[in-house]
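Beneath this line is the structure, given in structure tokens, with notes to follow.
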Amino acid sequence: MSEEKDAVDAITAQWFAVRPELDTAPMAVFGRIYRIAKAMGDAMEERYQRFGISRGEFDVVGTLRRSGAPYTLSPRQLSATLMLTTGGMTGRLDKLEKAGLLSRKPDPHDRRGLQVTITDRGLALVDEAVTAGLEVQRAALTGLSDAEVAQLTGLLRKLMAGV
């Protein structure tokens, strides 16, 4: 099966023309990873807008949802899971609480701490949004067979372990 050339091929060809001694294989891999991540990030952002949330806000309610009942975590746990600063997390929590998708209450075990819990409204919204987001991701994979998806998953896992 012949594959069409893409923008990354053009970039690596340009580098080859001016610096033929360079091995641009890493550029070809990561250039595509960056472009795929950007395109998928934009597509997911657009899909989540239908639910009145951003991708970052989905990440917060999604993390609470996948934590399991009672769907409660501390802001510190959320920040660590999402690799966000506490300041960035506070802004997201403020917006999501104002929208009625989560609540913050004092931690009964630590009077200095808070507990963040997804509301029933937030639970319903995130369940719809995750399904919609998976549709976008599934559509992006339609050019690959199930075996290719499994192979790609394994290769990306291996790559990620090395960085």
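Being a predicted model, the structure only gives us computed values, none of them experimental.
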| task | For the pair Met40 and Val136, evaluate side chain to side chain contact (heavy atoms under 4.5 Å, CB included) and give the outcome as yes or no after the intermediate values. | result | CA-CA 8 Å; Met40 290 306 300; Val136 170; 3.8 Å; yes

| task | Please test Thr117 against Thr72 for side-chain hydrogen bond (donor to acceptor under 3.5 Å, both in side chains), starting from the C-alpha separation and ending with a verdict. | result | CA-CA 4 Å; Thr117 304; Thr72 300; 2.7 Å; yes

| request: Quick one: do Leu101 and Arg121 satisfy side chain to side chain contact (heavy atoms under 4.5 Å, CB included)? Show the steps, please. | output: CA-CA 6 Å; Leu101 302 178; Arg121 181 169 180 237; 3.9 Å; yes

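Interatomic distance, Leu96 CG to Ser103 OG, rounded to the nearest 0.5 Å: 11.5 Å. Interatomic distance, OG1 of Thr90 versus CD of Glu97, reported as 11.0 Å (0.5 Å rounding). Taking OG from Ser74 and NE2 from His109, the interatomic distance works out to 12.0 Å, rounded to the nearest 0.5 Å. Annotation: the span from Leu156 atom CG to Ile33 atom CD1 amounts to 6.0 Å, rounded to 0.5 Å. The structure places CE of Met27 at 8.0 Å from CD1 of Ile11, a figure rounded to the nearest 0.5 Å. Annotation: the span from Thr63 atom OG1 to Arg65 atom CZ amounts to 12.5 Å, rounded to 0.5 Å.
Between Arg112 and Asp107 there is no salt bridge, since none of the side-chain N atoms of the basic residue sits less than 4.0 Å from a carboxylate O of the acidic one. Looking at Glu57 and Arg55, no side-chain N of the basic residue comes within less than 4.0 Å of a carboxylate O on the acidic one, giving no salt bridge. Between Arg104 and Asp94, at least one side-chain nitrogen of the basic residue sits less than 4.0 Å from a carboxylate oxygen of the acidic one, meeting the salt-bridge criterion.
Note: the hydrophobic cluster containing Leu152 also contains Leu159 (ILVMFWY, side chain heavy atoms under 4.5 Å, direct or indirect links). Both Val29 and Val149 sit in one connected hydrophobic cluster of ILVMFWY residues. Membership requires side-chain heavy atoms under 4.5 Å apart, directly or through other members. When the side chains of ILVMFWY residues are joined at heavy-atom separations under 4.5 Å, either directly or via intervening members, Val18 and Phe16 end up in two distinct hydrophobic clusters. By the criterion of side-chain heavy atoms lying less than 4.5 angstrom apart, applied directly or through intervening Ile, Leu, Val, Met, Phe, Trp or Tyr residues, Leu114 is not grouped with Leu64; the two fall into different hydrophobic clusters.
Heavy atoms of other residues, nucleotides or ligands lying less than 6.0 angstrom from CG of Asp120 number 12 at most. Shown here is Arg76, whose CZ atom has no more than 12 heavy atoms of other residues, nucleotides or ligands within 6.0 Å. When the shell of 6.0 Å around CD of Glu46 is examined, it contains 12 or fewer heavy atoms from other residues, nucleotides or ligands.
No side-chain donor-acceptor contact under 3.5 Å links Thr142 to the backbone of Arg138. Using a distance-only test at 3.5 Å, with no hydrogens or angles considered, a donor-acceptor pair links the side chain of Glu148 to the main chain of Ser145. Using modelled atom types, no side-chain atom of Arg19 and backbone atom of Trp15 make a donor-acceptor pair closer than 3.5 Å.
The minimum heavy-atom distance linking Ala129 with Tyr48 is given by the pair O-CE2, 3.4 Å. The minimum heavy-atom distance between Arg35 and Ala7, with the atom names listed, is NH1-CB, 3.5 Å.
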